[in-house]
Amino acid sequence: MQLRDLHRQYTAMKEEMNEALLRVMDSSFYIMGDSVAELEARLADYVGVRHCVSCASGTDALYLALRTLQVGQGDAVFVPDFTFFATAEAVALVGATPVFVDVDEFTYNISVADLKAKYDSVRQAAQFTPKAVIAVDLFGRTADYTMLEPWCHSEGLLLIEDGAQGFGAMLGGRHACSFGDIATTSFFPAKPLGCYGDGGALFTDNDDWASMLRSLRVHGKGADKYDNVRIGLNSRLDTLQAAALLVKLRHLSSEQQVVQQVASRYQEHLSSESVGLPVIPNDMVSAWAQYTVRVSQRDRVREALQEAGVPSAVYYPRTLSQQPAFAALRQQPCATAVRLTSEVLSLPIHPYLTDEEVDTVVRALQVAGDSNTDKKTIGS
Ligand SMILES: *Cc1c(COP(=O)(O)O)cnc(C)c1O
């Protein structure tokens, strides 16, 4: 059993995939070949925005978004304290200062209440200019854009959606990666839409930002690539990766339907008394990048899972404010985020997980729960 089974996925689309990749080899057009433009058009169409600009990774996508929105030295960027490192790393890379915000107890996404509090204290301290918010679609659930979009707009803050774990999710009838001023995603193999290496993309409705992104991703090019009008970087998506993504995108909707059934099976069979189950609001469809439960005595539960041959992972064992790389910022770790780091446990989930495998995971968790003397209810 695997947390995310990329080999089963490849097997399911093998002929189509091999043909698509061999077509690129035959054309020998490895950089910015036809598949790149075709993929960008299809992704923009799928998400429902005017522009998609592909790039080399989800981290680069965040960096490119911040550069395009002219975020830099002296600016404060609000990020959730509970997310993958890259969300805040990109902020530091452009010379701005990340301000860590606590997360919601139930969705694990950025807490709008704490965001408002942190925003007020940054304004009062008057050391940095509050400039932007990066909201993350953690584990496949979109952040609370119903609240975030109007609030950021009214305060004059830019809003970036880090949709690296959210591609395929929906909120209020809108697709993930359509929220905020610019949205980013990652095509790292294990993400909801993954390629066979590193890759990423940005989404925006703004024509000027889209052309800035296209310039920045190729050494700040102007009219042609030997006309360099600004400092950029080399962050193109390979033609081979674009070709692989075009094949996977054709399967995404059906994969998403199946993975909802896998999640429902967990939800039905796991007892909410022994583990804290993921909460999905009514107007949301999760992309199920992870199936993350909360448990007390996590080490013992992981041991029981391991004995039953079930892999599990801890995303994330540390909050961003607790990362050594951000120690110099001297920011207080956020309370809910800290508690989550000791309770969260991610179980196998992907569209190719069988009912029998889900049942094996459920049974292993029951065994762990029965031997658990301290049956404290988590997440309530
Ligand atoms: C994976 C991830 C990234 C970075 O994406 P890469 O393609 O690995 O650079 C950024 N933010 C979040 C929330 C992620 O999960």
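Numbering of ligands and ligand atoms starts at 1, following listing order.
Aromatic ring centres of W151 and Y119 lie closer together than 6.0 Å. Between H51 and F203, the gap from one ring centroid to the other reaches at least 6.0 Å. For Y46 and F167, the ring centers are positioned less than 6.0 Å apart.
Ligand 1 places these atoms under 4.0 Å from at least one heavy atom of A164: 2 (C), 3 (C), 10 (C), 11 (N), 12 (C), 14 (C), 15 (O). The contact set between ligand 1 and S57, taken as ligand atoms under 4.0 Å from a residue heavy atom, comprises 7 (O), 9 (O). Within ligand 1, counting atoms from 1 as listed, the ones closer than 4.0 Å to a heavy atom of V136 are 13 (C). For ligand 1, the atoms sitting less than 4.0 Å from at least one non-hydrogen atom of S186 are 5 (O), 6 (P), 7 (O), numbered in the order shown with element in parentheses.
Between F179 and Y145, the ring planes are parallel. Angles under 30° get that label, and only those over 60° would be called perpendicular.
Of the heavy atoms in A86, only side-chain atoms (C-beta onward) come closer than 4.0 Å to ligand 1. Residue T83 touches ligand 1 through its side chain alone, judged by heavy-atom distances below 4.0 Å.
Remark: ligand 1 and D162 share an N or O pair separated by less than 3.5 Å (distance only, no angle test).
When hydrogens are left out, the protein atom nearest atom 9 (O) of ligand 1 is T59 OG1, 2.5 Å; that is the closest non-hydrogen contact. Nearest protein heavy-atom contact of atom 1 (C) of ligand 1 is K191 NZ, 1.5 Å.
Remark: D355 pairs with R265 by the side-chain contact (heavy atoms from CB on, under 4.5 Å) rule, at least two apart or across chains.
Counting non-hydrogen atoms of other residues, nucleotides and ligands closer than 6.0 Å to CD of Q70 gives a total of 12 or fewer.
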For residues 87-100, tabulate all N or O donor-acceptor pairs below 3.5 Å that involve a side-chain atom, not counting sequence neighbours.
residue	atom	partner	partner atom	Å
T87	OG1	T83	OG1	3.0
T87	OG1	F84	O	3.3
T87	OG1	D162	OD2	3.0

